[in-house]
Amino acid sequence: MEIADNRLSPKTEQVEATNKPAYDSMLGTKSIPLLYLRFALAGIMANAILGVVAVVDGYFVSGFRELEVEGIGIGFTIMVITRMLGVLFGVGAGAVISLRLGKGKIEEARGIMGQTLWFTLFFSILLAVLGLVFENQIMTLFGASDEALPYAVQYSRLLWISLPLTILAVVLSILTNIDEKPVLSMSSWLVAAVVAGIIEWIMVAKYDMGMMGSSWANTISQSIPVLLIFYFWFGKTKLKPKIKDMIINLKTIGEVTWTGFASFSSQFMMFFAIIFFNNLLQSYGGGLHVAAFTIQNGYITNLLALVALGGMTGLQPIISYNYGAGNFDRVKQAIKIGLIFTVAFFVIVTAILIIFADPIVSFFSSGNPELQQLGIWTTIVFNSLFTLNAVSLLISGYFESQERNWSATFINVSKMLLFTFPFMFIFPKYWGVDGLWYSTPASEIPGVLVAIYFIRKEFKHLKETKLA
């Protein structure tokens, strides 16, 4: 298996590394374990807080009718779009900026930052307008039944309106991390979580606004980190966006989007997997299974995925900067620590999830015995091998951090196209709706084997680079 990449030969890399001035940064000097604790754990905490917001929302939503829960699950797909595009522009720009900083190209890095923010704003406004114009057709495409369609449209409308703000919030939180302010990024999501809980309690519990209370809470809270723009305008940073950055260089945006494409492709494939999964569940199992998937997609698995993404984006600036500066020993040390932590962390979390599946699901099932029973089973089955997913994501993010996009994209896309999607259509033929639930964890096994193949080759390459 050979995937072409934009990687130089070991000798060329070594020569370039010794001839490039590096921007003075803690990323190139401080202990890698300490940097990992600061950046990756802050990224994990930030995204975990974001996931907790969804869990709190799930607690209030659990008292709604089954059709309303189904509609919320369909409408929640817009949040996947938010994350998908936020990751595309944020992770892409973050890797490119960190590599430039590692090479000492500070003004070039600043310009990339500004252009990315302006382009993200323009693009997301256009997307929001299209979403509002075609909201009924889009919710039907996402898997809404005729009965649940009005609820899905009602819930999603505010999410479409706030789309430019929520996408920029994701991008800015990632770029704040790149600017060596991971605690500030985490704090913005902590404030968002507190605000979400307060708004949810006021609108849903106190004033009985139902679905719209939940939609308002998500809209307002997910937009709060966009206030990080004031840090970049007025804070002590070399990455201040300027008005002149509105003149967008398409080559620059192309580099950013191509670099972020691997993470985007993972989210994009997940986006379509959710649509197919909802439609197949509707066909094989009906509304109860769609409601059970809402518990996973909207809350439990969503929290795990956010934590895994946080670990990857937190590790990215460490790898990107040191790769750009030619510190290859530090690059290898960083990914090794990341892999060890990821495996240990998610094995423990998955074990806790399986052991306490009953009380965790009861938080969302609102006393519905059928949903409770199905929710326990699906929680165990659907998340049993999530550790493998987290490992694959981290390895893909490693290559993405170095602009080695073919390798990163292949790891993500091959799992979905070669395993997840085929399993989703094949397994139900033999095991009915249960087979559909088995398909996702089953695809993680061959998916992680592909990722391991790539990282083993990479360790060999880094060893050759050191010896060159």
Side-chain angles (χ1 to χ4, degrees), residues 42-64 68-69 71-73 75-87 90 120-121 124 128 131 154-177 182-231 267 294-295 297-307 309-310 313 363-364:
I44 288 171
M45 287 299 298
N47 277 22
I49 290 167
L50 185 59
V52 169
V53 172
V55 171
V56 171
D57 179 64
Y59 172 75
F60 288 101
V61 165
S62 65
F64 298 165
E68 290 177 314
V69 175
I72 290 173
F76 189 84
T77 310
I78 296 173
M79 298 306 298
V80 178
I81 295 176
T82 295
R83 193 185 313 159
M84 183 170 68
L85 292 175
V87 163
T120 300
L121 179 63
S124 56
Q154 182 185 16
Y155 183 82
S156 65
R157 190 164 294 150
L158 281 174
L159 301 182
W160 282 120
I161 292 171
S162 65
L163 193 71
L165 293 179
T166 53
I167 292 176
L168 273 174
V170 175
V171 173
L172 283 165
S173 66
I174 294 173
L175 295 181
T176 303
N177 208 35
V183 176
L184 178 61
S185 176
M186 179 187 72
S187 299
S188 71
W189 289 112
L190 179 59
V191 172
V194 173
V195 170
I198 294 172
I199 294 175
E200 197 105 37
W201 179 79
I202 292 173
M203 292 189 171
V204 178
K206 191 173 179 64
Y207 290 101
D208 196 24
M209 291 178 64
M211 286 180 55
M212 290 310 296
S214 171
S215 186
W216 271 109
N218 275 297
T219 297
I220 294 172
S221 63
Q222 302 293 321
S223 302
I224 284 176
V226 81
L227 296 175
L228 288 168
I229 189 63
F230 290 105
Y231 159 72
Q267 300 292 323
T294 297
I295 294 175
N297 177 48
Y299 310 116
I300 298 175
T301 311
N302 177 58
L303 177 57
L304 295 178
L306 284 169
V307 170
L309 182 62
T313 56
F363 195 71
F364 308 103

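The analysis underlying the following values was restricted to heavy atoms, covering all of them including side chains, and did not include hydrogens, waters or symmetry mates.
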message: If you count every heavy atom of other residues, nucleotides or ligands that lies below 6.0 Å from Met45 atom CE, does the total exceed 12?
response: no
Counting only pairs under 3.5 Å, give me each side-chain donor-acceptor contact of residues 160-169, with atom names and distances, residues two or more places apart or in other chains.
residue: Ser162; atom: OG; partner: Leu158; partner atom: O; Å: 3.1
residue: Ser162; atom: OG; partner: Leu159; partner atom: O; Å: 3.4
residue: Thr166; atom: OG1; partner: Thr82; partner atom: OG1; Å: 3.4
residue: Thr166; atom: OG1; partner: Ser162; partner atom: O; Å: 3.3
residue: Thr166; atom: OG1; partner: Leu163; partner atom: O; Å: 3.0

Pairwise distance CD1(Ile81) to CG(Leu85) - rounded to 0.5 angstrom: 7.5 Å
query: When rounded to the nearest 0.5 angstrom, what is the spacing between CG in Asn218 and CD1 in Ile199?
result: 9.5 Å
- prompt: Picking from Ser188, Pro225, Ser185, what satisfies side-chain contact (heavy atoms from CB on, under 4.5 Å) with Thr176?
  reply: Ser185
- request: Can you tell me which residue pairs pass the salt bridge (Lys or Arg N to Asp or Glu O under 4.0 Å) test with a partner in residues 187-205, sequence neighbours excluded?
  value: none
- prompt: Is the backbone N or O of Tyr155 less than 3.5 Å from a side-chain atom of Ser215, with the two atoms forming a donor-acceptor pair by type?
  reply: yes
- prompt: With side chains defined as the heavy atoms from C-beta onward, is the minimum distance between Leu306 and Arg83 less than 4.5 Å?
  reply: yes
- request: Measure the spacing between CE of Met212 and CD of Gln154 and express it to the nearest 0.5 Å.
  value: 5.5 Å
field: Inter-residue atom distance Leu309.CG - Leu304.CG, 0.5 Å rounding
entry: 12.5 Å
message: I need the minimum non-hydrogen distance between Ser156 and Ile78, along with the two atoms involved.
response: CB-CD1, 3.2 Å
query: When rounded to the nearest 0.5 angstrom, what distance separates CD1 in Ile295 from CZ in Phe363?
result: 11.5 Å
- prompt: Ser173 and Val170: which non-hydrogen atoms are nearest, and at how many Å?
  reply: OG-O, 2.8 Å
- line: Sorted by chain and number, sequence neighbours left out, side chain to side chain contact (heavy atoms under 4.5 Å, CB included) with Ala42 holds for Pro182
